[in-house]
Amino acid sequence: MLQFKIAATHIRSRLRQTIVSTLGVALGVGFSIAMAALMEGSQRDFVDTLINAIPHVEIQDEKRVATVQPASRVYDATAIHGLRPLEDLRGIRNPTEALVSLREWVPGNMAQSLSGQAVLRYSGQDLGVTIVGVVPDRQLQVSQIAEDMRQGRFLDLASTANGLVIGDTAANRLGAALGDMITLTSAAGLSKRFKVVGLFHTGVTASDEGLAYAPLKATQILLEKPNIINRITIRLATIDDANDVAARAERQLGYKAVSWIEANEGLMEAFTIRNIIMYTVVGAILLVAGFGIFNIISTIVHEKARDIAILKSLGFRETDMQMIFAIEGLVIGLFGAVAGSALGYALSRYMATIEFEYSVGAEVTQMPIFISPIHYLIAAALALLSSGIAGYLPARRAAQLNPVDIIRGAT
Amino acid sequence: MLGSSPDAPLLETRNLTRILPGVVPVTLVEDVNLQIGRSEFVAITGPSGSGKSSLLYLLGLLDRPTRGEVLINGHPTHARSRVELADLRLEQIGFVFQFHFLLPEFTALENVMVPMQKLARLSKRDQKQRATDLLANFGLGDLLNRRPAQLSGGQRQRVAVARALANAPPLILADEPTGSLDSHATEQVFQTLKDIVSTKDTTIISVTHDMDIATRMHRRIHLVDGRIDYDRSQTDPVPA
Ligand SMILES: Nc1ncnc2c1ncn2[C@@H]1O[C@H](COP(=O)(O)OP(=O)(O)O)[C@@H](O)[C@H]1O
Ligand SMILES: [Mg+2]
């Protein structure tokens, strides 16, 4: 098309500056893409680690609103005083039924548990812990505990009626070792002897020191809560479903169901803010690149005023003029976006190979890089947008130039 | 676009006036009344600064009058949009300026093809053929692929005339087309214009400083201070 041909001659007449501003766009796009890959990579890395350590959805024995008291249900009063409220028995009731109904639709694994407070006692030492009564094989399907085992096997809880798995820190504090018998005492004063069948190390001190796993039945007896559980932990095939699954489970069972996203709301907010900052920076970089384009197109408009007058006298419309210069801006943007995408990809690939150690002797780590087409689309779209605007403004001015003024000036 | 009605002149002006606004308004053209028909060969003469170029810009719809109007084929143009005026220029009017005003990066052939490409009425091949023929007619058949910078002044001006003819407009406006040429080139360009009038049913209105040239044209409009001093037909021009 003629407009393209004319635009091409303009670009050729200012080839060096055009290349420079194309490089400006390319650098902007390239670094934006590399930055996005690193940001998203680190975010995913972090979330993955987090996600492996925590339940995707946790159904708790609480309700989001206090249970309606029988008196309020019977009497249509605004407020009721002087009555002793019915005590809310904690725990998820009818756990078997709940689990069966969840299993019908939840896309993932789930495990029930009962946790409570207890004191470990061994050779005169006391240590308060949270005791979690689990169904061992089910628990393994929803947690990473198997990978954290240092001695013994988690599944030995299934074969030992009064088996106990504790953290290595706790074992050290008590001076207990694998195979030792430890006494557990509940808050109500009930005592029971357990055999240490495994030691774990998660790296999280609170767990390594204050968490103990025992078979569900034994725990229910110790805590005097027969046939009661207070947690259902769900591990999903796809973590993005967590909010939906939690909402549906909560509607179905009436108990509070918390997704990992809700549980880490603050963290997710921080990521959102980080992304906003990132895209602001990307926008700023491309704005600067846009100034470069604006500059070169303005120069061309100035230099080619004569061409504009000629074309107008020949019968070209203002929109034709606009198109010529807008094409020039978009061409710069397009080439910049393409070159920038290549640069961004190369940078991302390179960064992924850089190895470093957090501390001497620690595992060698690589930068977390996540390459996503969306980054390329966003960066390219922003580059085209900014180059389109940067070309459009001088193009509009070019279109409005009065040919008579230019022809007079030239003769 | 504007179909010709049989009795209307090709070009007509009524009280055509152009005043540049400003603290001290400058009158460029004042109360010009003209009727110019088909196949006329009109010279516009007058002292420097008398408004010849300004009148030509108004006739060519590049500039808008302050008062009065320009009619083409009997149709008024003052109420037309910029887009419509651009389309009128494309089809009805060819311009030739004193300096060649060719696109410097395009070859002679490409320059002549530009208006045809914009009009897009001929196939690409026919456009090329027509441009080649036009240039060959003006003795430029060997220079089709030269850039303006590789052509002499007279050659460039003939390329510009060929371009003005590209869409076969009924009207060609020329502003001192020979003003920057030597006498040999002037004669060549003049002959080119003369041939067009006699063979192509085209009207040429040309501003000129060259009295020899002016007297050889069919009609002469003389301007003084933006007004018509005289408008006389030279029915018996000096033979070329
Ligand atoms: N933009 C302008 N500002 C002020 N005066 C102008 C402008 N354009 C033209 N003129 C004046 O208007 C008059 C007519 O100009 P022009 O049509 O170019 O005359 P010619 O072509 O006959 O030499 C001249 O006196 C010129 O100086
Ligand atoms: Mg003049």
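Below, chains carry the letters A, B, ... as their sequence lines are ordered, and counting in each starts from 1.
Around atom NZ of A:Lys5, more than 12 heavy atoms belonging to other residues, nucleotides or ligands sit under 6.0 Å away. Within a 6.0 Å radius of CZ in B:Arg64, other residues, nucleotides and ligands contribute more than 12 heavy atoms.
The choice from A:Ile6, A:Val404, A:Ile310 that makes the most heavy-atom pairs within less than 4.5 Å of chain B is A:Ile310. With chain B as partner, the option from A:Ser13, A:Ala309, A:Gly315 having the largest number of non-hydrogen pairs under 4.5 angstrom is A:Gly315.
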Under 3.5 Å donor-acceptor pairs involving side-chain atoms of residues 19-33 of chain A, not counting sequence neighbours:
unit_1  : atom_1 : unit_2  : atom_2 : d
A:Ser21 : OG     : A:Gln17 : O      : 3.1
A:Ser21 : OG     : A:Thr18 : O      : 3.1
A:Thr22 : OG1    : A:Thr18 : O      : 2.7
A:Ser32 : OG     : A:Gly28 : O      : 2.5

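If you measure heavy-atom distances from A:Leu311 to chain B, the contacts under 4.5 Å come from the side chain alone.
A:Arg274 and A:Ser42 form a side-chain donor-acceptor contact under 3.5 Å, judged by distance and modelled atom types alone.
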